[in-house]
Amino acid sequence: MARWSSTRRAAVSTALPELPNIDAGLFDRPSPERLFPSAAPAHHAPRFLLLYGSLRERSYSRLLTEEAARLLQAMGGETRIFDPAGLPLPDSAPDDHPKVRQLRELAQWAEGMVWCSPERHGAMTGLMKAQIDWIPLSVGAVRPTQGKTLAVMQVSGGSQSFNAVNQLRVLGRWMRMLTIPNQSSVAKAFLEFDEAGRMKPSACYERVVDVMEELMKFTLLTREAAAYLVDRYSERRESAEQLSKRVNQRAI
């Protein structure tokens, strides 16, 4: 994602006498002009990567993810659903493993994501966490998920719970994603899908529609200014080499 350096520096004061600890050349005064650039907006369809967290033959998190993909497509989006079958455990295989490489390429391609996990033992599944763990915080000085939108959903076998979506929100924040306010938690998921695997009409289904609609709106609103929205003073003081070294997980 592009770093806003030369164009930003030209717009700030060269002296900040009341802020002696600030590098005035790197200080930014947020402005509507940079939040809403005058350049022609992108005309390609918004791109979404969808992840689900179960390998069961009748996986309700996968069925819910497929419903979400259909809705995003109907709203004008382009979707890719990652199949986690065969994905190795984090750190058990090299980064060039075919499934790892595929997941990382899709994360780079996407402008928004949907994460959908079953709740198991009061938490997201290990498979869901493994997918997120394989997406790096940084590739060199570029953060693959930073500034991209995110919607979170979960399915439960019993009564409604929000443990998994709350955990997914924590991870989304850690990955510096713009997680939308709305979310979906489908209780007793085995009752919400028909024999063909399609979600039945219900208040739960309408909530999923609401979530995808909100995700699409936030993606259209932010994708042109995503790099600027997550640009930080502290990181502008670092070189690309320093940033890469600091966030490189292999060095820990």
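Just so you know, these numbers come straight off a predicted model, no measurement behind them. Just so you know, residue 1 is the first one in the sequence shown, and it goes up from there.
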J.: Can you give me the closest heavy-atom contact between Leu150 and Leu168, atom names plus distance?
T.: CD2-O, 4.4 Å

J.: Which atoms form the tightest heavy-atom contact between Ser61 and Ser117, and what is the distance?
T.: CB-C, 4.3 Å

J.: Are Arg236 and Asp28 close enough for a salt bridge, meaning some N to O gap below 4.0 Å?
T.: no

J.: Within a reach of under 6.0 Å around CH2 of Trp109, are more than 12 heavy atoms found that belong to other residues, nucleotides or ligands?
T.: yes

J.: Less than 4.0 angstrom from a charged side-chain N to a carboxylate O is my criterion; do Asp194 and Arg198 meet it?
T.: no

J.: Which pair of non-hydrogen atoms, one from Ser54 and one from Leu127, has the smallest distance, and what is that distance?
T.: N-CD2, 3.6 Å

J.: Is any side-chain heavy atom of Met153 closer than 4.5 Å to a side-chain heavy atom of Glu67?
T.: no

J.: Could you tell me which non-hydrogen atom of Leu50 sits nearest to which non-hydrogen atom of Ala69, and how far apart they are?
T.: CD2-N, 3.8 Å

J.: Test side chain to side chain contact (heavy atoms under 4.5 Å, CB included) on Leu72 and Val114 and set out the steps.
T.: CA-CA 10 Å; Leu72 289 171; Val114 177; 4.1 Å; yes

J.: Could I get the full list of salt bridge (charged side-chain N to carboxylate O under 4.0 Å, His left out) partners for Glu66, not counting sequence neighbours?
T.: Arg62

J.: Is there a side-chain contact between Val165 and Trp115 (heavy atoms, below 4.5 Å)?
T.: no

J.: Suppose we screen for ring pair (Phe, Tyr, Trp, His ring centres under 6.0 Å). Which residues come up paired with Phe193, at least two apart in sequence or across chains?
T.: Tyr60

J.: Can you give me the closest heavy-atom contact between Leu178 and Gly147, atom names plus distance?
T.: CD1-O, 3.5 Å

J.: For His44, does the NE2 atom have more than 12 heavy-atom neighbours from other residues, nucleotides or ligands under 6.0 Å away?
T.: yes

J.: Under a 3.5 Å cutoff, is there a donor and acceptor pairing between the side chains of Gln73 and Thr79?
T.: yes

J.: Under a 4.5 Å cut-off applied to non-hydrogen side-chain atoms, are Leu106 and Gln102 in contact?
T.: yes

J.: Test your reading of the model: is there a side-chain donor-acceptor pair from Lys200 to the backbone of Leu191, 3.5 Å cut-off?
T.: yes

J.: Compare all side-chain heavy atoms of Cys204 with those of Met199 and state whether any distance is below 4.5 angstrom.
T.: yes

J.: If you compare all heavy atoms of Met216 against all heavy atoms of Pro46, which two are closest, and at what distance to 0.1 Å?
T.: SD-CG, 3.7 Å

J.: Heavy-atom distance under 4.5 Å between the side chains of Asn182 and Glu213, does that happen here?
T.: no

J.: If you define the side chain from C-beta out and look only at heavy atoms, does anything of Tyr205 sit under 4.5 Å from Glu192?
T.: no

J.: Under a 3.5 Å threshold, yes or no: a donor from one side chain and an acceptor from the other, between Gln183 and Ser185?
T.: no

